[in-house]
Amino acid sequence: MDMKLRSNLRSIDGKCLIKTTEEINDALLNKIVKNTHKISYVKLGKTVVFNDIKRAFKDKRYKAMLSPEKVNKKILKIIKHISMPDTIFAELRSIKKRMPYTYRHILMIAILSTKIALDKRSKKKYKPRIVLRLGLVHDIGKSRIPLKILDKHSKLTRMEHKRLRTHPTIGYILLHHYYGREHSKYDYASYEHHERLDGSGYPRNLKHINRYAQLLAVVDVLDALLSSRPYRKTPYTLRSAFDYLLGEAKRKRLNNEVVHLLISYARKSSAKLKYIKVSRKKRGKIPPGIHGKIAHH
Ligand SMILES: [Fe+2]
Ligand SMILES: [Fe+2]
């Protein structure tokens, strides 16, 4: 991995996982895994996250995409019964308090990716319970990025940008601690969600990306576009966001099938996926922003 961190990385349960002086490598990650002895799992339905997810379904921006009610109920039923380590819920509670935008974003990623996993039209056959857990942990590393970077109104400096881009790696390390020996089932959600199929993503410029991470990447970009951010006050309209995603799929950066599935949720008729197009004429304008089109990344 060959990198060092800008500040010591502590887990939410108070362990110092990595010091700034330490080189992050496999030996160090193995040590972190070995030091995780007992994990106590908690049912999501018994935490505040469950009620927050219920509320997130009412998000107006997703009104067209989160129906019918029957599917929502199915998603909620799955959500209610999954278990995750209590440390992850502690991270989510802290994110909720310190970074409400990121918290809402995380919940929406979990909802939308579970909806895709339940979609019988998908050829990839994702497991809904796995997707849901991955959605909830994908941005866990953001919690260690200073708020003055995340909420900055002006263009990020080169160093700040570099720091922001450490969040997939930080999340990857945290998940080694929280999941112990089970880490490889979930850690790539954080590590690979900013990778792009043409190798232009980060942190590793991968071209072969875990298919679950590919799913998360699409949903992640959609939510970033539909949100108003300090550096881009006006969010994309649904139409211009879909247009952007189609462009990314065409350039072989994002998973084409997932893009089409998402777009289909905003359509009344359940058209065959390959026929879905966004009208060139009625396309929305791209709102102004300062650091690139989707500066979330
Ligand atoms: Fe991210
Ligand atoms: Fe994200």
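Order of appearance sets the numbers: ligands from 1, and atoms from 1 within every ligand.
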Taking the N/O/S atoms of Asp139 one by one, which is nearest to the Fe ion (ligand 1)? OD1

Quick one: does Thr20's side chain have a donor or acceptor within less than 3.5 Å of a partner on Asn8's backbone? no

Under-4.0 Å salt bridge between Lys207 and Glu195: no

In plain terms, say whether Asp52 and Lys96 are close enough for a salt bridge, that is, a side-chain N and a carboxylate O under 4.0 Å apart. yes

Write the atom name of the N, O or S atom in His138 that is nearest the Fe ion (ligand 2). NE2

Between Lys185 and Tyr179, is NZ or CZ placed under 6.0 angstrom from the six-membered ring centre and within 45° of the ring axis? no

With a cut-off of 2.8 Å, does His167 place any N/O/S atom under that distance from the Fe ion (ligand 1)? yes

Is the Fe ion (ligand 2) less than 2.8 Å from at least one N/O/S atom of Asp220? yes

